Each structure stands twice: as structure tokens, then as C-alpha cells.
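So the structure is just underneath, and the comments pick up after that.
Counting starts at 1 for both ligands and their atoms, following the listed order. Model, not experiment: these values are computed from the prediction.
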Amino acid sequence: MTVNSLENPVMRTIFLVVFVLGLSGPVSLQAQNTMTINADQPRNKISRHIYGQFSEHLGTGVYGGLWVGKDSDIPNTDGFRNDVVEALKELEIPNLRWPGGCFADEYHWRDGIGPQEDRPTRINTHWGMVEEKNEVGTHEFMRLTELLDTEPYISANVGSGTVQEMASWVEYMTYNGTSTLANLRRENGQEKAWEVKFWGIGNESWGCGGNMQADYYADLYRRYATFAKDYSGNELYKIASGFSDDNYDWTETVVKNAGRMMDAISLHYYTIPTGNWGQKGPSMNFEEEMYFSGLRQGLKMDEYVSRHSAIMDQYDPEKRIALAVDEWGIWTDPLPGSNPGFLQQQNSIRDALIASTTLDILNKHSDRVRIANIAQTVNVLQAMILTEGPEMLKTPTYHVFDFYTVHHDAMLLPLHIETEDYSHGGESIPSISATASKDKTGAVHLTVTNLHATEDKEVSLNIRGMDVETAGEGRILTADAVDAVNTFDNPDRVSPGPFDNYTLEGNQLILRLPSKSVIVIRIE
Ligand code: AHR
């Protein structure tokens, strides 16, 4: 019914009768969005490592955002700010990737050990040509992983480092016996060898990591992987540098030639709202067009993961090798007035929904995707936390990661979703995205996103294979505008609240989601 037809009194009366009857019961609204799960047929574990984070020496991501130094007025533990560490701990971060990114391929680990005052100053050539004083090195980073109770993911230098340099770093960190390098670690304060599992061999080796070609990199990977040894019971999980977006040839060549020596190969995909790297689009003060195109671009992750996986299936049908989506997230134009090399951007409800829908895609493909890292944890790109001097705030994306902790290491329940389209400017995307999983206690958790900018959506979930008794612990994240962000003046504009707009009848759960929202709910 159009607005014009309501100007006709007869039509208006018919509309009112239908509307009132609808409210009072006899005419029930049919949910156009339906989902079905078989709770007794879980598929595979959703590795918690899909919820990894990434902290590069880039802008204020590490310096200022995480590290303030022991002498700072900002309360800190061994140099890391307490407020940020405390907030991040709530996300139960499974692994933290460091020190890059592009920075990794110009990072020489010996620069970052020993007394702080003796460490050299280098130039961070990728990110703003700023001084890198190496205050945060191996020992500091490993302390951070302890504070966050997370596993390190070390991204090693292949582009400008030698095989010996990388091999020595492994020995320095993980060898528990007596050797000159292990003793040096002890002299520097760490008696016991660290446990380090995730070991990246090069980053974007086709680009900032050395501009290599696939054949060459595959050979180089084999060489570096040969000398990345397992010491003292530590077992490295070796991750090869994969490609971005849709370069399937790289994946094919590297998996074919070096697959037997790797545990995972990476995939990077950044959501560029306009689809144009030269002019990516703003991170704040935008309208529905930019909201919609951001979400649409984000959903392309599904195609990239599917196609890279299909290539891997040819060489690794048993799925031994994981796809490590170790850089993803929205990348917008830098904030006006900021150093363009610092990749500072705001974080809106749109970005939160890009996070929830991307995590749904990664969960769906969790038989192949077993590690992923959003870029980046603090102050850079799609951050969880923004800081300004002593202040910090949680972004809308932070809250999505908080909601999704329920899926860490839970069993994926494949979802059959029938959803209405959300159309804008001649393009369409699905209105609804979701993940369902079953945890160790048998409880089912559901996260559902309504992507539509203006329409509330009713979603009906049919739950098979379990006797449902209760649904509860609902939480919702939504906002009053498509570009709503949290600022230091208004840090809780986009923050979670309780969600109780649902009804449970037998094994059917009807959810009513406001526009641009994501919810989490527990079903038992
Ligand atoms: O996350 C920012 C940069 O994006 C990383 O350093 C690089 O790997 C990618 O191009």
C-alpha cells in the first residue's frame, strides 16, 4: 500500500481495519524471514581463533593505544595501559598478531631486546615515516599476551630479513635448553622459553612484503619453513602469506608447491565502502548510500572465502590446511586532520554490522577458516578501542566481538535462512544474517543481524532436534542513525542493551529486530 492510496478515505478505512485486527490477533503477521536449525546435527567446531586481533606498529595502535611506558601518568602494568587491557580482556581474545602487517617485513627482532635505552631508532617507512624506538619488542609483546591471556601470533620478516634471522628468533623465544640465544633471552629477563604456536612466514609477500611472484614466494616459503624449528616441545603452526581479495592464482601456486609444509595460508580482505581504494569513503557523517555500500562490500568476503577454499579443496580435500583470514575489516578514508599514514578512522553501527556479518561468514566456513584477525585492535582501521590521551572508549565493533564470544569453540549449527532483500540504489543484499552454535553445556546461541537501514524485521526460527524450554539472556546493539559513532563526549551512544522483543512458542522463536541491529540470545 502506497502513501498516496492512504489519502483515499475508503482505502484508509480498509488499512485501519487490517492494521487493528493485525494488532489484536485475528490477522497474524507472517514472518518473511525464516531460519531453521537442527540442534542435534552440529557440523564442526568454530575455532575461537577466528576471533583473533591484530596489533601492528602503526600510528597509535601500539604506542599510545596499548603501550604508554612504565613511567606514564596513565595507569599501566609494565607499560601497558590498564584501561585498555581490562576492556580487551572481556573479549577473550584468542590470539594477537604482531608486529605487522607491512611493518613485519622491515622489523628486525634484535632491535627490540635488551635495555630500552640501548635499542636503536628506526624509521617506520610504511606508516608515516615516524621514528620507531623499539620500546615494544619481543619481551614487551609477550608480556602483553600474558596480560590479555591470549596466544601470540608472530609475523616474521621474510621481505628484508634472512632465514637465519628468522630461525634465531624462533630459537630465542622457544628453546628451553642451553644455547647462546636461549641464554640471551634469560639475561633479558625471561628464564623459561615461551610457547609460541602461530608463526607467519611473510606478510603480503606479493606487495609490501617484497613484491614477489607466486612461484618465487612458494620456494622461499619452503626454505624459511624448513628452518623454523620446533624446539623443546613447542610446535609451530606455520602460516604462509596468501593473497588479497580475488587473486586465486597465488593461492593455487603456493598451495600446490608448498602446501605440504604449511598449516595455513592467509587471505586478506578489506571492505572499502566505495569499492575505490583512492577514495574509500568517510567513516562518519554519511548517509544510507554509504551505509548500504559498506555492508554490500563487506559481504563479498563470502565469495572470496568460498573461491579460495574451492582451490584449496583441489590440493587438500581433507582440509588439513586452514585458510587464515588474518587481516579483515572496513578501511575508510583517514579522519580529517589525522596523519594519513596512521589509518585512523571512526567506527559506526555500520562497521559493527560489517563485523557481525563477516563473522557469520567466517563461522559458516569454519571447516576451512580456523584463524582470522580483524585489523586492528586499537586506534587503527576497524578498532575495538579508541584512545585519546588518558581517555578510551569502546567502539560499536567492540560490542559485536563481545556478543560473539558465545561462539568461541562452540559447534556450528548450519542455518537455513530465507530472508527478504534489502534493496538500495538498484542493488540488493539479504536483510538478515546469523550464526547458530551449540556450546559444551548443550546451550544454543544465536546471533542475528538486521542489516536494513530503516525497516524492522521479524524473524522466525524453527529449532529442530531439541526440546526448547527457555530463551533468554538477550542483548541488542542498535543505533539511532546509520552513521552513529561513539565519541569521547558521548562514548555510549552505540552500546548494548537488553533484548526481550521475542516470543517462544514450543520450538519456534519469533524475534523482532529493529533496523540496523544485531542481537545475541541463548536457547536451552
Ligand atoms: O592493516 C594495515 C595494512 O594492510 C597491513 O600492514 C598490510 O598487511 C595490509 O596491506
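Every atom of ligand 1 with a heavy atom of Glu56 under 4.0 Å away is listed here by number and element: 1 (O), 2 (C), 5 (C), 6 (O). Atom numbering of ligand 1 starts at 1 in the shown order; those under 4.0 Å from a heavy atom of Cys102 are 5 (C), 6 (O), 7 (C), 8 (O). Close approach of ligand 1 to Asn203 is summarised as follows: ligand atoms under 4.0 Å from at least one heavy atom of the residue are 8 (O). Within ligand 1, counting atoms from 1 as listed, the ones closer than 4.0 Å to a heavy atom of Leu381 are 1 (O), 2 (C). Short contacts between ligand 1 and Glu204, defined as distances under 4.0 Å to a heavy atom of the residue, involve ligand atoms 7 (C), 8 (O), 9 (C), 10 (O).
At a threshold of 4.0 Å, the pair Asp402-Arg475 counts as salt-bridged, since one of the basic side-chain nitrogens sits closer than that to a carboxylate oxygen. Taking a cutoff of 4.0 Å between a charged side-chain nitrogen and a carboxylate oxygen, Glu327 and Arg97 qualify as a salt bridge.
Applying the ring-ring contact (aromatic ring centres under 6.0 Å, His included) test between Trp199 and each of Phe227, Trp98, Trp169 identifies Trp169 as the sole match.
Phe80 does not carry Arg143 over the face of its six-membered ring by the limits of under 6.0 Å from the centre and within 45° of the normal.
Any N or O atom pair closer than 3.5 Å counts here, and Gln376 shares at least one such pair with ligand 1. Of the N or O atoms in Trp331, none lie within a sub-3.5 Å distance of an N or O in ligand 1.
Contact annotation: for Phe54 versus ligand 1, heavy atoms closer than 4.0 Å belong to the side chain alone. Residue contacts with ligand 1 for Trp328 are absent, since no atom lies close enough (heavy atoms, distance under 4.0 Å). Contacts between His126 and ligand 1 below 4.0 angstrom, taking non-hydrogen atoms only, are absent altogether.
Glu327 OE1, 3.0 Å is the protein heavy atom nearest to atom 9 (C) of ligand 1. Taking atom 1 (O) of ligand 1 as the reference point, the nearest protein heavy-atom neighbour is Tyr270 OH, 2.7 Å.
Looking at Ile50 and Arg370, their side chains never come closer than 4.5 Å, going by heavy atoms from C-beta outward.
Distance alone, capped at 3.5 Å, is enough to place a donor-acceptor pair between the Tyr398 side chain and the Ala87 backbone. Using a distance-only test at 3.5 Å, with no hydrogens or angles considered, a donor-acceptor pair links the side chain of Gln346 to the main chain of Asn486.
Ring geometry for Tyr51 against Phe401 counts as perpendicular: the plane angle is over 60°, on a 0 to 90° scale with 30° as the lower cut.
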